[in-house]
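Provided herewith is a single structure, encoded as structure tokens, for subsequent inquiry.
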Amino acid sequence: MTHWPHWLPLVAALPMVGGVLTPLLFRSRPSLAWAWAVSIASVTTLASSALLLTLVGSGPFSYAVGGWLPDYGIELQFDPVSALISPVCIIGLLSLIFSRRYVERSIDPKKVSFFYALVLVNLGGLNGFMMTGDLFNMFVFMEIFSVSAYALVATAREPIAALAAFKYLLMGALSSLLVLFSAGVVFAMTGTLNIADAASRMDVAGPMPAALALAALATGFAVKAALFPVHFWLPDAHAAAPAPVSAILSALVVKAGVVGMLRTLELFAGAEQLLQPLLTSLVWLGALGALGGALMALVQRDIKLMLAYSTVANIGYIFIGLGLATASAATGAMAHTLNHAVIKSALFLAAGAIIHRTGLRHIDDLRGLARRMPVTSFAMAFALVSLSGVPPMAGFVGKWQIAVGALQAGRPAVLAVMIIAGLIVLAFSVRVINALYFRPPSRISVASATEVPLSMLLPIAILTAGCLGLGMTGQPVLEFVAPVIKNLYGAVP
Amino acid sequence: MNAATSVFSHIDYLVAVALFLSGAWILLTSNNLVKKIIGLNVMETSVFAFIVTTGMIDDGAPPLLAAGVEGPFASPLPHALVLTGIVVAVSVTSLALVLVLRIKAELGSVELDEIESVGEHDDSAGPGGGSG
Amino acid sequence: MNAWRTGRILTTVLIGALAVPLMYGVLHLPPPGQADAPAHSNVSAKYIEHGAEHGGSENLVTGVLLNYRALDTFGEVLVIFTAWLAVAAVAGTARQTGHESTPPSPIVDYVIRMLAPFIAVFALFVIVNGHVLPGGGFQGGVLLGAMLILLSLAHGGEPVADVVSLRTWIWLRAAGVLVFALVALLGLPLTGYLFGLPTDPTLRHALMIVLELGIGIGGGAVLGGLYFSIAGVERS
């Protein structure tokens with residue numbers, strides 16, 4: 001048990017170094033590059049699971065990089081929020097397995113090794129971001145996963161992908177600068193960059209610069225998490241990217257923004273009068289995002305755009321939960337962070353399978369597909385039901401807790417918004433399921449489609465099973481994240 | 001505290017904030033994609049200037065312990081932060097420039113209004129639909 | 001045109017509105033330049049006090065970069081390499097840059113060719129002397145990259161890019177990350193922690209120079225590679 005903490009930086013460094021080695025060793029052998037990427041991701045997943053087990057067994061632990069005490073050096077910490085690393089690695093691994101056949105058709109063979117390299121680097125950056133306890137280190141890891149994400153969006157062949165990636169880059173760089181600016185302000189106020197240390201010194205400087213740092217940090221992470229109204233970079237980027245990349249972006253990268261917001265709340269936990277306006281804005285912006293995202297998803301005809309707007313809606317839910325600041329709502333928000341990751345990755349991979357086989361993206365074109373691609377269609381239907389929040393599926397757990405929290409906090413209007421948004425999600429889910437199952441085919445490629453190969457089906461199946469499995473294990477997950485709430489909000493009902 | 005002296009003593013920070021906002025204005029309102037990248041660079045530079053300034057000491061020495069140098073040393077931490085930040089800025093800028101090259105090659109223009117009008121006429125080029 | 005204009009006016013108003021709280025907030029920070037500000041009395045004071053013996057270099061910034069906050073520097077090396085990965089993955093069809101490099105006048109050509117070895121030596125000097133002078137890995141790497149770009153501007157990118165094979169270029173570019181990773185792994189047996197540097201001064205000095213060289217060469221090669229990709233001369 002004593003040597004497991006060394007795996008903490010390795011869980012971040014291993015995929016990154018593995019990614020760097022990919023074009024060196026496998027530039028001309030795409031299938032070997034895939035095997036290499038999957039092996040690296042598997043080892044990382046095993047290590048992260050071991051870290052998770054250590055956390056469950058003996059509580060949160062930290063690692064002083066280089067042996068320096070937290071004042072001098074960088075401290076990595078593994079707490080229940082960092083435990084997200086484990087599902088991040090699993091989803092990343094499954095997306096990589098899915099990619100093997102998918103990139104054969106959608107990416108230039110000479111670039112395939114670069115694609116896998118970028119995915120591995122992205123994974124490593126996400127892991128590092130979620131485990132670090134140092135404000136500037138967060139910035140560095142954030143840039144690692146962001147730059148690789150911008151590039152991954154642009155690997156798609158459609159002309160629109162480059163423009164979508166460029167807009168994503170501009171918004172992402174803007175938000176990163178806000179985070180960096182805030183790190184500078186925190187340093188000027190407290191003289192340290194360690195989050196725990198800075199939190200304890202926050203009252204020294206007085207409210208005004210602290211409010212500035214909080215606003216900059218919160219805005220930066222809100223952009224990364226695609227909270228309304230700074231969400232508008234997301235739909236084009238997630239829809240234009242190749243399917244496994246869309247899965248990684250919607251399931252994992254935006255959740256890093258949520259984790260960043262959690263760390264922000266941790267940093268300013270002592271300053272209640274500053275946090276209150278932030279939490280109130282999070283609730284309202286989250287509500288607008290949930291409603292707006294659901295409405296926009298309803299009117300889309302392209303399935304990937306529909307799923308992308310649905311991500312905006314679900315991020316809205318998560319921020320409603322975080323902003324309500326009751327124990328029930330906040331634990332529900334964190335559980336939903338995990339559950340939505342599994343559901344959305346299943347949906348994007350299933351959509352990718354459909355596009356890979358038929359080349360079609362419009363929902364009306366997908367009529368009657370269930371007969372020809374039964375497994376994929378079932379997976380998509382199942383995951384959509386889960387997305388709508390039908391019990392006992394995974395989508396229900398988080399939303400129910402947030403709704404309960406809304407009632408506890410005396411905000412029935414928020415509850416009403418959630419219900420309306422939930423109904424809209426149900427509406428567009430039913431529309432897709434109807435098209436898949438209960439309409440005759442209208443396109444030749446649908447009528448002649450066959451099921452996708454096993455390497456694509458297996459990840460979809462596993463994630464779809466998770467849509468139900470996480471619903472059944474909802475209670476343990478909620479209890480797992482409960483200790484974090486006390487740190488974030490102090491005395492909470 | 002006298003407002004004027006307060007402004008004067010914090011003039012470095014105020015200039016950095018002014019640059020930051022100017023860069024943000026250029027980024028958000030330019031039509032030309034390359035100008036947007038320039039705005040981003042102005043913002044990045046302003047943040048670096050801000051961070052380095054936080055570590056400075058009036059009449060102090062740079063954080064370099066050489067023989068015979070005394071006096072208060074500037075803090076080395078902001079210097080390290082800005083070095084890393086510059087490398088990150090270079091990375092983002094180079095990727096942005098390559099994306100602009102590709103946009104020019106595939107969509108024919110680097111002016112945003114021309115690109116969007118191309119997008120309106122071309123329905124089959126991937127996802128369209130409402131976005132901000 | 002009207003929607004564009006109103007968007008512009010709205011943005012101007014928004015930015016003007018943001019200016020007020022930003023400036024107000026920044027005014028309440030401790031004034032820059034004061035020696036008793038929290039920025040100088042907390043972690044910085046400890047760096048200055050112990051930086052030379054524990055950090056391993058008189059240049060405190062290098063000590064912070066390579067020793068205290070080595071994970072940040074590792075991330076930084078990785079970001080610059082990721083930038084090259086990104087450019088290589090994206091720049092596929094960017095060959096239509098269409099520009100012809102105009103051959104410079106003979107004077108410029110001659111001066112650049114004469115300067116290049118001096119630039120390279122100076123870069124090496126900056127890299128290796130990162131301990132006692134302002135300098136270090138990245139600074140030298142930027143000089144090397146600038147030399148490559150200068151040569152490319154003078155002679156066109158192809159002769160410079162073809163000096164070594166693409167495979168070698170990629171290995172050079174990855175040098176930063178790989179060297180750093182190896183030294184970080186070495187930290188485990190030597191100090192019991194990853195990314196740690198040993199306390200023995202000679203060994204520590206040697207490892208730091210190795211790190212600086214890796215970072216410098218890697219950074220320079222990546223910068224050259226970024227230019228080659230943008231100019232469309234990199235073979236794929």
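These values consider heavy atoms only, across backbone and side chains, with no hydrogens, waters or symmetry-generated copies.
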Exercise for review: Measure A:Leu76 against the heavy atoms of chain C and call it side chain, backbone, both or neither at under 4.5 Å.
Suggested key: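 Just the side chain, heavy atoms under 4.5 Å.
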Exercise for review: Go through the atoms of C:Val26 and report whether side chain, backbone, both or neither lie under 4.5 Å from a heavy atom of chain A.
Suggested key: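 Its backbone and side chain both get close to chain A.
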Review point. Between C:Leu194, C:Val177, C:Val64, which residue shows the highest count of heavy-atom pairs closer than 4.5 Å to chain A?
Key: C:Leu194
Point to revise | Residue A:Leu21 versus chain C: region with a heavy atom under 4.5 Å | key: side chain
Practice item. Could you check which of A:Ala154, A:Ala64, A:Gly66 has the highest count of heavy-atom pairs closer than 4.5 Å to chain C? Key: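 The residue among A:Ala154, A:Ala64, A:Gly66 with the greatest pair count is A:Gly66.
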Review point. Does any heavy atom of chain C fall under 4.5 Å from the side chain of A:Asn194, the backbone, both, or neither of them?
Key: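 For A:Asn194, no heavy atom lies under 4.5 Å from chain C.
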Review point. So which part of A:Ala188 gets closer than 4.5 Å to some heavy atom of chain C, the side chain, the backbone, both or neither?
Key: both
Review point. Which pair of non-hydrogen atoms, one from C:Ala181 and one from A:Val17, has the smallest distance, and what is that distance?
Key: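 In terms of heavy atoms, the two residues are closest at CB-CG2, 3.8 Å.
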Exercise for review: Would you mind checking which part of A:Leu193 comes under 4.5 Å of any heavy atom in chain C, side chain (CB onward), backbone (N, CA, C, O), both or neither?
Suggested key: side chain
Review point. Counting heavy-atom pairs under 4.5 Å to chain A, which of C:Ala83, C:Gly25, C:Ala70 comes out on top?
Key: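 The answer is C:Gly25.
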Exercise for review: Tell me, for C:Tyr24 versus chain A, whether the close heavy atoms (under 4.5 Å) come from the side chain, the backbone, both or neither.
Suggested key: both
Check your understanding: Where on A:Asn122 is there a heavy atom nearer than 4.5 Å to chain C: the side chain, the backbone, both, or neither?
Key ->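 Nothing of A:Asn122, per the 4.5 Å heavy-atom cut-off to chain C.
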Check your understanding: Take atom OH in C:Tyr193; do more than 12 heavy atoms of anything else shown fall under 6.0 Å from it?
Key -> no
Review point. In Å, rounded to the nearest 0.5 Å, how long is the span from CZ of C:Phe74 to CG of A:Asn137?
Key: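 Taking CZ in C:Phe74 and CG in A:Asn137, the distance rounds to 11.5 Å.
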Review point. Tell me, side chain or backbone of A:Val185 under 4.5 Å from chain C's heavy atoms, or both, or neither?
Key: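 Contact with chain C: backbone and side chain both.
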**Study point:** Toward chain C, the part of A:Phe115 with a non-hydrogen atom under 4.5 Å
**Key:**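 Neither part, no heavy atoms under 4.5 Å.
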**Study point:** chain A contact via C:Leu197 - which portion, at a heavy-atom distance below 4.5 Å
**Key:**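 Neither the backbone nor the side chain of C:Leu197 comes within 4.5 Å of chain A.
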Check your understanding: Is chain C contacted by the side chain of A:Leu14, its backbone, both, or neither, given a heavy-atom distance below 4.5 Å?
Key -> neither
**Study point:** Passing candidate, side-chain contact (heavy atoms from CB on, under 4.5 Å) with C:Leu71, options A:Val140, A:Thr132, A:Ile74
**Key:** A:Ile74
**Study point:** Engaged part of A:Phe139 at the chain C interface, taking heavy atoms whose separation is under 4.5 Å
**Key:**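 Neither the backbone nor the side chain of A:Phe139 comes within 4.5 Å of chain C.
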Exercise for review: Mark yes or no for whether A:Trp68, through its side chain, and C:Asn67, through its backbone, hold a donor-acceptor pair below 3.5 Å.
Suggested key: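 Such a contact is found between A:Trp68 side chain and C:Asn67 backbone.
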**Study point:** A:Lys111 side chain vs C:Val90 backbone, donor-acceptor pair below 3.5 Å
**Key:**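 No; judged by distance alone, with no hydrogens or angles, the pair does not exist.
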Exercise for review: Run the numbers on C:Leu29 and A:Met208 for side-chain contact (heavy atoms from CB on, under 4.5 Å), then give the verdict.
Suggested key: CA-CA 8 Å; C:Leu29 284 172; A:Met208 201 46 221; over 6 Å; no
Practice item. Could you tell me which non-hydrogen atom of A:Leu118 sits nearest to which non-hydrogen atom of C:Ala86, and how far apart they are? Key: CD2-N, 4.2 Å
Practice item. State, with a plain yes or no, whether a side-chain heavy atom of A:Ser148 is found less than 4.5 Å away from one of C:Leu85. Key: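 No, every pair of side-chain atoms sits at 4.5 Å or beyond.
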Exercise for review: To the nearest 0.5 angstrom, please state how far the OG1 atom of C:Thr82 sits from the CD atom of A:Glu143.
Suggested key: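 Between atom OG1 of C:Thr82 and atom CD of A:Glu143 there are 10.5 Å.
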Practice item. Identify which of A:Val20, A:Val112, A:Ile107, A:Val121 forms the greatest number of heavy-atom pairs closer than 4.5 Å to chain C. Key: A:Val20
Review point. Which of the residues C:Arg69, C:Glu76, C:Arg167 is involved in the greatest number of heavy-atom pairs with chain A at under 4.5 angstrom?
Key: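 Option with the greatest count: C:Arg69.
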Exercise for review: Fit a plane to each ring of C:Trp84 and A:Phe114, take the angle between them on a 0 to 90° scale, and name the class: parallel (under 30°), tilted (30 to 60°) or perpendicular (over 60°).
Suggested key: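 Aromatic pair C:Trp84/A:Phe114 classed perpendicular.
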Exercise for review: Identify which part of C:Leu78 has an atom lying under 4.5 Å from any heavy atom of chain A, answering side chain, backbone, both or neither.
Suggested key: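 Side chain of C:Leu78 only, per the 4.5 Å heavy-atom cut-off to chain A.
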Point to revise | Which portion of A:Tyr150 sits near chain C, non-hydrogen atoms under 4.5 angstrom | key: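 A:Tyr150 has no heavy atom closer than 4.5 Å to chain C.
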